[in-house]
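First the structure, in the form of structure tokens, and then the observations on it.
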Amino acid sequence: MKMDMWKYFGITHADHTVMNPISLAKTRELIELLRLPDSGHVLDVACGKAEFLCLVAERYHVNGTGLDLSPFTIEEARTNVSARDLSGRVELLHIDGSEYRPDRGETMDLASCIGASWIYEGHRGTLEALIKMVRPGGLVLAGEPFWRKEPDAKYLEMTGIQADLYGSHVGNVRIGVDLGLSFLYSLVSSDDDWDRYEGLQWQAAERYASAHAGDPDVEELLRTTRESRDAYLRWGRECLGWALYLFRRP
């Protein structure tokens, strides 16, 4: 993709509340199960618009730190936090998550990275990094794709995804267990969750292109979005899954 990656995601995710293929209702369901302690601290790596952090802070008496590298998304996150009067409890940092080091290690009550395991070079690396940030008894939450069935070679070619980039649903759970974590819960995206997540991107790109015909990136925006749409409708909807995985550090 020739256009700026962050601009592309900023445009295509303009209408997303949570920037991953899971519904807001399921996100709230998971938050109810966290049972975080009063005055606890939560870290969300690649926090997007900080919706997850805001929901957690509204449900529990905790403080939160959100990290995001996108200059577009971090501004939306700040607006979201401010509008909900949470600026005193939710800190947002425009930073690469891989470079973040908490003031004190192993102190978080919850460390999460939802849909951005590329920061730590995969699901295993993500869990390993988050484990180092939570206290004993603390929670680790990761959002990760998985193959529902073997992907078609044409799908891999069209999307540029390597077949070994993702594992299976049970494999994602097993990685956490093998690292010594206790597996607590998972939420898997439905077809409807995926259709909403993907469809919002298509319409956002088309509307942006219509309203910004003079933007030199419009041609690349539409080409990339339409190719992604076609790959999803033809193959991705059947072969690619996504889930939230909640673990507890012993």
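One is the number of the first residue; the rest follow in order along the sequence.
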For this session: Mind listing the closest non-hydrogen atom pair of Met158 and Ala231 along with its distance?
Result: SD-CB, 3.9 Å
Problem set entry | Co-membership, hydrophobic cluster, residues Leu181 and Leu33, 4.5 Å side-chain | no
Exercise. With distance as the sole test, does Ser112 use its side chain to make a donor-acceptor pair with the main-chain N or O of Ile114 at under 3.5 Å?
Worked result: no
Problem set entry | Check against side chain to side chain donor-acceptor pair (under 3.5 Å), His41 and Thr65 | CA-CA 8 Å; His41 202 112; Thr65 299; 2.9 Å; yes
Problem set entry | Tyr60 side chain near Leu55 side chain, heavy-atom distance below 4.5 Å | no
For this session: Examine distances only and state if a side-chain atom of Thr12 and a backbone atom of Tyr8 form a donor-acceptor pair shorter than 3.5 Å.
Result: yes
Exercise. Can you tell which of Leu130, Leu141, Asp44 makes a side-chain contact (heavy atoms from CB on, under 4.5 Å) with Cys113?
Worked result: Leu130
Exercise. Is there a chain of hydrophobic side chains (I, L, V, M, F, W, Y, each step under 4.5 Å between heavy atoms) that links Met19 to Leu187?
Worked result: no
For this session: Show your working on side chain to side chain donor-acceptor pair (under 3.5 Å) between Asp215 and Tyr208 and close with a plain yes or no.
Result: CA-CA 9 Å; Asp215 187 331; Tyr208 180 90; 2.5 Å; yes
Exercise. Of Val42, Leu139, Asp109, Val62, which meets side-chain contact (heavy atoms from CB on, under 4.5 Å) against Leu34?
Worked result: Leu139
For this session: Mind running side-chain contact (heavy atoms from CB on, under 4.5 Å) on Glu51 and Leu24 for me, showing each step along the way?
Result: CA-CA 9 Å; Glu51 183 64 22; Leu24 191 58; 4.3 Å; yes
Exercise. Counting N and O atoms only, with roles assigned by atom type, does the side chain of Asn20 sit under 3.5 Å from a partner on the main chain of Gly115, one being a donor and the other an acceptor?
Worked result: no
Exercise. Which heavy atom in Ser98 sits nearest to a heavy atom in Tyr120, and how many Å separate them?
Worked result: CA-CE2, 4.0 Å
Problem set entry | Minimal non-hydrogen separation, Val81 against Ala50, with atom names | CG2-CB, 4.1 Å
Exercise. Going from OH on Tyr100 to CG on Leu69, what distance comes out if it is rounded to the nearest 0.5 angstrom?
Worked result: 15.5 Å
Exercise. Once the angle between the rings of Trp6 and Phe9 is folded into 0 to 90°, is it parallel (under 30°), tilted (30 to 60°) or perpendicular (over 60°)?
Worked result: tilted
Exercise. Can you hop from Leu165 to Leu156 via hydrophobic side chains spaced under 4.5 Å?
Worked result: yes
Exercise. Is the shortest heavy-atom distance from the side chain of Asn80 to the side chain of Leu53 under 4.5 Å?
Worked result: no
Exercise. Going from CZ on Arg28 to CZ on Phe52, what distance comes out if it is rounded to the nearest 0.5 angstrom?
Worked result: 12.0 Å
For this session: Please check if atom CD in Glu227 has more than 12 non-hydrogen atoms from other residues, nucleotides or ligands closer than 6.0 Å.
Result: yes
For this session: Check the hydrophobic clustering (I, L, V, M, F, W, Y; side-chain heavy atoms under 4.5 Å; chains of links allowed) and say if Tyr185 and Leu127 are grouped together.
Result: no
For this session: Ignoring hydrogens and angles, tell me if any N or O in the side chain of Ser82 forms a donor-acceptor pair with the backbone of Arg78 under 3.5 Å.
Result: no
For this session: For Val177 and Phe247, work out which heavy atoms get closest and say how close.
Result: N-CE2, 4.3 Å
Exercise. According to a 4.5 Å side-chain heavy-atom criterion applied to Ile, Leu, Val, Met, Phe, Trp and Tyr, with indirect links allowed, do Ile119 and Ile175 form part of one hydrophobic cluster?
Worked result: yes
Problem set entry | Asp152 side-chain N/O to Trp235 backbone N/O, donor-acceptor pair under 3.5 Å | no
Problem set entry | Main-chain N/O of Ser23 paired to Arg196 side chain as donor or acceptor, under 3.5 Å | no
Problem set entry | Tyr232 vs Asp195 side-chain heavy atoms within contact, under 4.5 Å | yes
Exercise. Given the rule in the side-chain contact (heavy atoms from CB on, under 4.5 Å) test, do Leu221 and Met3 qualify, once you have shown the distances and angles that lead to the verdict?
Worked result: CA-CA 8 Å; Leu221 169 70; Met3 70 180 291; 3.9 Å; yes
Exercise. Roughly how far, to the nearest 0.5 Å, is CZ of Arg101 from NZ of Lys132?
Worked result: 8.5 Å
Exercise. How many angstroms lie between CG in Leu110 and CZ in Arg249, if you round to the nearest 0.5 Å?
Worked result: 14.0 Å
Exercise. Ion pair present between Lys154 and Glu157, side-chain N to carboxylate O less than 4.0 angstrom?
Worked result: no
For this session: State plainly whether the residues Asp191 and Arg148 are in salt-bridge range, i.e. N to O under 4.0 Å.
Result: yes
Exercise. Below 4.5 Å, heavy atoms only, C-beta onward: do Ser186 and Leu246 meet side chain to side chain?
Worked result: no
Problem set entry | Lys/Arg N to Asp/Glu carboxylate O, Lys7 vs Glu220, below 4.0 Å | no
For this session: Say whether, by atom type as modelled, one donor and one acceptor occur between the side chain of Ser210 and the main chain of Glu206 under 3.5 angstrom.
Result: no
Exercise. Do Lys149 and Glu238 pass the side-chain contact (heavy atoms from CB on, under 4.5 Å) test, and can you show the C-alpha distance, the side-chain angles, and the key distance before you say yes or no?
Worked result: CA-CA 8 Å; Lys149 68 177 186 178; Glu238 301 299 322; 4.0 Å; yes
Problem set entry | Close side-chain approach of Trp147 to Cys239, heavy-atom, < 4.5 Å | yes
Problem set entry | Shortest non-hydrogen contact from Asp193 toward Val188 | OD2-O, 4.3 Å
Exercise. What heavy-atom pair brings Arg89 and Ala57 nearest, and what distance separates the two atoms?
Worked result: NH2-O, 2.8 Å
Exercise. Can Phe146 and Leu240 be said to form a side-chain contact (heavy atoms from CB on, under 4.5 Å), step by step?
Worked result: CA-CA 6 Å; Phe146 62 89; Leu240 188 61; over 6 Å; no
Problem set entry | Separation between CG of Leu67 and CG of Leu92, rounded to the nearest 0.5 Å | 9.0 Å
For this session: Please tell me if the side chains of His16 and Leu200 come closer than 4.5 Å, counting only heavy atoms from C-beta onward.
Result: yes
For this session: Evaluate whether atom CD of Glu32 has more than 12 neighbouring non-hydrogen atoms of other residues, nucleotides or ligands under 6.0 angstrom away.
Result: yes
Problem set entry | Min side-chain heavy-atom separation Pro71-His94 under 4.5 Å | yes
Exercise. How about Arg223: does its CZ atom have over 12 heavy atoms from other parts shown lying under 6.0 Å from it?
Worked result: yes
Exercise. Are more than 12 heavy atoms from other residues, nucleotides or ligands located less than 6.0 Å from atom CD of Gln203?
Worked result: yes
Exercise. Between Glu144 and Arg124, is there a side-chain N and carboxylate O pair less than 4.0 Å apart?
Worked result: no
Exercise. Hey, mind stepping through Ser190 and Asp192 against side chain to side chain donor-acceptor pair (under 3.5 Å) and telling me if it holds?
Worked result: CA-CA 5 Å; Ser190 65; Asp192 182 63; 4.9 Å; no
For this session: In plain terms, say whether Glu198 and Arg237 are close enough for a salt bridge, that is, a side-chain N and a carboxylate O under 4.0 Å apart.
Result: no
For this session: Might you work through the ring-ring contact (aromatic ring centres under 6.0 Å, His included) test for His13 and Tyr197, ending with a clear yes or no?
Result: CA-CA 9 Å; His13 288 72; Tyr197 175 72; 5.5 Å; yes
Exercise. So, Lys49 and Glu76, do they make that salt bridge, N to O below 4.0 Å?
Worked result: yes
Problem set entry | Backbone N/O of Glu75 and side chain of Thr79: donor-acceptor pair under 3.5 Å | yes
Exercise. So how far is it from Lys2 NZ to Thr224 OG1, rounded to the nearest 0.5 Å?
Worked result: 10.0 Å
